[in-house]
Amino acid sequence: MSGADGPPPTPVRRPLSVAVEWLVVLVCALGLALLLRTFLVEVFIIPSGSMEPTLMVGNRVVVYKLGYRLHDVNRGDVVVFDNPGQGPGIDDLIKRVVALEGETFEIRDGSVYIDGARLEEPYLSDGEATLPKAPIRGCANEADALYCEVPEGAVIVLGDSREDSRDSRFFGPVDVDDIVGRAFMKIWPPNDIGGV
């Protein structure tokens, strides 16, 4: 009669059962992480000073990958895109969008002009000039080297550190389909966490 007064005895779980449960949890977590990285967000490490002072060497940024499937690229977005052949071992580059498809991009007197109007660029260091590097290849008006008519489905990207950046001034407009996503948050180092 002593068993009727207390709870029934707890069955002993076999170690194999516990191990299988943990394995299932681990596989599900790994699968979810891979899905998020593939389709939604990814962390990138900044390898060079081409985006200083906005992004420093070694900063880690979170890139939202789904955004440009839902809306257009905007001027001022900091984007990660497939490397258009700018050195071996570098898969992706990060730059700022300054001109959109159908616009004219021009460099005059150290400043960027879009459709004839000077572009305000508060993210540049004081007094930093934007200098042309060469005639820009891949423009809709490729025969004229003084400015670039941005072709349909492309954007012009520049680094925030204009002197140290290999950008559209070297490799031309970037195809929107080659954009991986928009950098929206710095997560490393801890004293520099915030928006991009």
Side-chain angles (χ1 to χ4, degrees), residues 43-64 72-87 90 92-142 144-151 154-176 178-196:
V43 175
F44 287 85
I45 300 172
I46 305 304
S48 74
S50 71
M51 283 299 292
E52 291 181 2
T54 305
L55 299 171
M56 308 303 279
V57 175
N59 278 162
R60 282 157 178 78
V61 295
V62 180
V63 173
Y64 180 52
D72 293 334
V73 178
N74 297 306
R75 185 183 341 279
D77 287 355
V78 176
V79 296
V80 171
F81 55 95
D82 296 334
N83 182 356
Q86 293 302 299
I90 302 171
D92 302 298
L93 300 177
I94 186 166
K95 307 290 179 200
R96 187 179 300 275
V97 175
V98 295
L100 306 171
E101 66 179 354
E103 295 180 335
T104 59
F105 166 82
E106 186 178 4
I107 299 172
R108 272 192 270 148
D109 304 322
S111 295
V112 170
Y113 285 78
I114 306 298
D115 291 338
R118 186 174 178 272
L119 180 63
E120 294 298 322
E121 299 187 280
Y123 38 81
L124 297 179
S125 295
D126 287 340
E128 182 163 17
T130 303
L131 303 174
K133 300 294 184 181
I136 299 174
R137 301 180 319 231
C139 300
N141 62 315
E142 196 159 348
D144 187 346
L146 296 178
Y147 69 99
C148 177
E149 291 177 12
V150 184
V155 293
I156 295 285
V157 295
L158 298 177
D160 287 357
S161 178
R162 298 291 159 80
E163 193 170 313
D164 299 326
S165 181
R166 291 190 63 84
D167 47 38
S168 285
R169 295 172 292 170
F170 290 91
F171 50 73
V174 171
D175 195 9
V176 171
D178 291 335
I179 294 176
V180 174
R182 179 178 62 86
F184 71 95
M185 176 181 260
K186 292 183 272 187
I187 60 168
W188 188 262
N191 64 337
D192 199 19
I193 290 176
V196 174

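The structure presented is a predicted model; accordingly, all values stated were derived computationally and were not measured. For the numbers below, each heavy atom of this structure counts, side chains included, while hydrogens, waters and symmetry mates do not.
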Heavy atoms only: give me the nearest [X]-[Y] pair and the separation to one decimal.
| X | Y | result |
| --- | --- | --- |
| K133 | E163 | NZ-O, 4.2 Å |
| I193 | I187 | CG1-O, 3.8 Å |
| S165 | F170 | O-CE1, 3.4 Å |
| C148 | I156 | SG-CD1, 4.0 Å |
| V73 | V155 | CG1-CG1, 4.3 Å |
| I136 | P173 | CG2-CD, 4.1 Å |

Does [X] have any side chain to side chain donor-acceptor pair (under 3.5 Å) partners at least two apart in sequence or in another chain, and if so, which?
| X | answer |
| --- | --- |
| R162 | E121, T130 |
| R118 | S111, E120 |
| D164 | S161 |
| D72 | none |

Side chain to side chain contact (heavy atoms under 4.5 Å, CB included) assessment of V78 paired with I94: CA-CA 7 Å; V78 176; I94 186 166; 3.6 Å; yes
Residues in side chain to side chain contact (heavy atoms under 4.5 Å, CB included) contact with T54, at least two apart in sequence or another chain: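 Testing T54 for side chain to side chain contact (heavy atoms under 4.5 Å, CB included), a comparison that skips the adjacent residues, returns R96, Y123, D160, V196.
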Side chain to side chain contact (heavy atoms under 4.5 Å, CB included) involving E106 - partner list, sequence neighbours excluded: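 Here the qualifying residues are R108, Y113, Y147.
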Check against side chain to side chain contact (heavy atoms under 4.5 Å, CB included), F184 and D77: CA-CA 9 Å; F184 71 95; D77 287 355; over 6 Å; no
Side chains of I46 and R60 in contact at under 4.5 Å (non-hydrogen atoms):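 Answer no - side chains too far apart.
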Close side-chain approach of R166 to L93, heavy-atom, < 4.5 Å: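 No, every pair of side-chain atoms sits at 4.5 Å or beyond.
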For [Y], is there any backbone N or O sitting under 3.5 Å from a side-chain donor or acceptor partner on [X]?
| X | Y | value |
| --- | --- | --- |
| N59 | M56 | yes |
| T104 | D115 | yes |
| D82 | D92 | no |
| R137 | P135 | no |
| S168 | V157 | yes |
| D178 | F81 | no |

Greater than 12 external heavy atoms within 6.0 Å of D126's CG: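 No, because the 6.0 Å sphere around CG of D126 holds 12 heavy atoms or fewer from other groups.
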Salt bridge D167-K95, side-chain N to carboxylate O under 4.0 Å: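 Result for this pair is no, no salt bridge flagged.
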Trace of the side chain to side chain contact (heavy atoms under 4.5 Å, CB included) decision for V57 with E52: CA-CA 8 Å; V57 175; E52 291 181 2; 4.0 Å; yes
V61 vs L55, side chain to side chain contact (heavy atoms under 4.5 Å, CB included): CA-CA, chis, key distance, verdict: CA-CA 9 Å; V61 295; L55 299 171; 3.6 Å; yes
